[in-house]
Amino acid sequence: MINITFPDGAVRQYENGISALDIAKSISEGLARKILAANVNGQVWDATRPINEDASLNLLTWNDKDGKSTFWHSSAHLMAEAVEAVFPGVKFWVGPAIENGFYYDMDLGDTKMTEEDLAKLEKKMNELAKQNNVYTRKEISKPEAIQYFSNKKDEYKLDLLQGLHDGEITFYSQGNFTDLCRGPHIPGTGFIKAIKLTSIAGAYWKGDEKNKMLTRVYGITFPSQKELEEYLQMLEEAKKRDHRKLGKELGIYTMDDDVGQGLIMWLPNGTVIIEELEKLAKETENAGGYKRVVTPHIAKESMYLTSGHLPYYADSMYPPMEMDGEKYYLKSMNCPHHHKIFAAEPKSYRDLPYRIAEYGTVYRYEQSGELFGLMRVRCLHMNDAHIYCTKEQFNDEFRAVNDMYLKYFKIFGIDKYVMRLSLHSPEKLGIKYVNEPELWKETETMVRNVLTESNIPFVEVQDEAAFYGPKIDVQIYSAIGREFTLATNQVDFSQGRSFKLEYTDQTNKPETPLIIHRAPLGTHERFIGFLLEQYAGKFPVWLAPLQVKVLPISDKFLDYAKTVSQKLKNADIRTEVDDRQEKIGKKIRDTELMKVPYMLVVGEKEMNEDKVAVRRQGKGDIGVKGIEEFLNEIITEIKDRRAE
RNA sequence: GCCACUUUAGCUCAGCUGGUAGAGCAACUGAUUUGUAAUCAGUAGGUCGUUGGUUCGAUUCCGACAAGUGGCUCCA
């Protein structure tokens, strides 16, 4: 007999070799029908795998993260079985569960899979699921495993086997499909009731673009049709707040073939938002002791050789313009120009920290396939700044920048983000990162300390640093789930030396400053894209391109509407009058759809009493007010940058 | 850049197996003068992304290119 400890602490005795599924059955049949896998002594196991020792046990269902991923991983195997049936001779690479569903990478040889095939595969998967084939686990020796896949001429699985040790190799089979797999899997295919193969994509083998491109099929499955429908519904909702859709509907930005890919033109509405953001940045930076500078959009090749950017990023810079034998590049970062400003006048320790900020425009020739709405573009505007400081000052300065981020996030109501401490990767020193192991270590510790001292939760990720130093990145997700860096705060121990930047210290000796690169509002392109999605287009009043629309009931009240509008304009409120000969219902509808925060309905009553009937977007009629009263309220709301 | 798909009026989308195109909204004109999410009628608007080819004939079939979409790679 063995002792099984349940999550609530209860201990029960069972026969040696009992499975989690049998234990579930002993509790209730209903429970057993929901068990997908089990957590046995901290490891996720097949529910059907015999337990041979005392163990803590947590039964996993669809409601558990591990239960879901087991379900999806098993779905990947089910899909592989269907693919093998429809595309004989296919070879598989790996097929993991992902955040939403699963994929399987495969080599189809010369055959091409198209979207029409997905329907066929879904049909086949449904058939196989209905057979409720059991997933069986089999331990196998390495030579046997190699034999099996050699017979199958499957070089991919043989490649995987190379990295595995004898004694840890298992096969899983269901129906006619056997795969090299660590597991675990759900008990049977019958659990999978709803299947949707979402897309076909290419994916480089082992994620390396020098390798062959495999075919990747993405899918998602559910234990009931209803859940699939809910998921699809949710995707539809997410699409409604996609910044590309809202950006068009609300007249925020446009692009044009004749201008070029990834080159954003900001329409008047979008420009208002940019200017409000920049105004906020200026106020904040003035208070933080920054000075503003302006630099050109181009610079000579020699500067980017000095900075070290060229060897790392030549491919993603626009090609140089050649004039009188000199090569000029469009700048793809502001840093070098700022360093030159630092170097323009001699600095002493008394001048530090030296903080300079610019509303900078940079150009990056991102690969065409990487472009994405406002999130990834080729011409970027950023609220950029560089801080030059001593090592002693670093902690305070870096922390002040971090605090600035948090202050901004509070203003914008941004709370769904992940702070990422982006570290270098020692294997790539001298390739992707400047070869200064000691300085990496030192600065990474400094940055980590700032985060720890500030009590900010963060994750550490290797191989995400800039080439010149570690950084803190703020990661966010777009409406459709893509991950982006919204803001970044970087340490640079390298460029100060490359540019021979110096200040005179207290003992009259030259010293190289540390540099902090920071862009808390990221690029305006990405930031506004993010805000569009965050607010679903309903900007807070201070950011709204149009803040108030005055809606006269009929032409008779047009003059009064214009008077009201003028009073608002005099107070710098962005306002317009809807002077169309339409019914008030139509005017309201159109203004609601344009997400204008305030509508002032004016008719006979309002005109006679010098008042306005206030309607708040999304909230409806909020009552009649005197013009002065409304004006005072909205001015305060704007001044406070109230989130709603 | 790579894999797959898409591209029809300003926008959203119809258009069966090849015979040069339609709707709703928007725009314009007229009527209506309206009280909190769509007043009615009329008019105009497209060498069907560009470009080659097949064909008596191509929006429709094939190729190339461009842009877009979902991924991969990348993101100073």
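The figures that follow rest on heavy atoms only: side chains count, while hydrogens, waters and symmetry mates do not.
With both ends at atom C1', the span from B:U59 to B:U20 equals 8 Å, rounded to whole Å. The separation of B:G57 from B:A64, taken at their P atoms, amounts to 23 Å, rounded to a whole angstrom. Taking atom C1' in both B:A4 and B:C11, the straight-line distance is 27 Å, to the nearest Å. Comparing the C1' positions of B:C48 and B:G15 gives an interatomic distance of 11 Å, to the nearest angstrom. Comparing the P positions of B:U12 and B:A26 gives an interatomic distance of 15 Å, to the nearest angstrom. Between B:A58 and B:G53, the two C1' atoms lie 11 Å apart (nearest whole Å). Taking the C1' atom of each, B:C13 and B:C2 are spaced 31 Å apart, rounded to whole Å. Across the C1' atoms, B:G22 and B:G63 are found 30 Å apart, a figure rounded to whole Å.
The aromatic rings of A:Tyr312 and A:Phe467 lie parallel to each other, their planes meeting at an angle below 30°, with 60° marking the opposite boundary. Between A:His297 and A:Tyr363, the ring planes are tilted. Angles from 30° to 60° get that label. Relative orientation of the A:Tyr468 and A:His517 rings is parallel, given thresholds of 30° and 60° on the angle between their planes.
The nearest whole Å value for the distance from the CG atom in A:Leu551 to the C1' atom in B:U33 is 15 Å. One can place CG of A:Asp256 at 13 Å from P of B:G10, the figure rounded to the nearest angstrom. In this entry the distance linking CG of A:Asp107 with P of B:C3 reads 14 Å, nearest Å. For the pair A:Asp578 CG and B:A37 P, the interatomic distance rounds to 15 Å; values are reported in whole Å. Distance, A:Leu593 CG to B:A37 P: 12 Å, rounded to whole Å. For the pair A:Phe557 CZ and B:G35 C1', the computed distance is 9 Å after rounding to whole Å. Per the geometry, CG belonging to A:Asp117 stands 12 Å off P belonging to B:A4, to the nearest Å. For A:Asp555 and B:U34, the CG to C1' distance is 10 Å, given to the nearest whole Å.
Classification of A:Arg580 and A:Asp590 as a salt-bridged pair holds, one side-chain N sitting under 4.0 Å from a carboxylate O. Residues A:Glu525 and A:Arg376 are not paired through a salt bridge, judged by the lack of any N-O separation under 4.0 Å between the basic side chain and the carboxylate.
The shortest non-hydrogen separation linking A:Leu501 to A:Ala343 is CD2-CB, 3.8 Å. Considering every non-hydrogen atom in both A:Ala519 and A:Tyr405, the closest pair reads N-OH, 4.0 Å. The two residues A:Gly529 and A:His243 have their closest heavy-atom pair at O-CB, 3.3 Å. For the pair A:Ile476 and A:Lys416, the tightest heavy-atom approach, listed with the atom from each and the gap, is CG2-O, 3.9 Å.
As judged by a 4.0 angstrom heavy-atom cut-off over every strand, A:Ile584 is placed among residues touching the sugar-phosphate backbone only.
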B/S/- contact track for nucleotides 60-76 of chain B, protein heavy atom under 4.0 Å: -------SSSBBBBBBB

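A close approach under 4.0 Å does occur between a side-chain nitrogen or oxygen of A:Lys112 and OP1 or OP2 of B:A4. Under 4.0 angstrom from either OP1 or OP2 of B:U34 there lies at least one side-chain N or O belonging to A:Lys556.
Taking a 6.0 Å sphere around NZ of A:Lys432, one finds it holds more than 12 heavy atoms contributed by other residues, nucleotides or ligands.
With a 3.5 Å limit on both pairing distances and Watson-Crick or G-U wobble geometry required, the stems of 3 or more pairs in RNA chain B span B:1-7 with B:66-72, B:10-13 with B:22-25, B:27-31 with B:39-43, B:49-53 with B:61-65.
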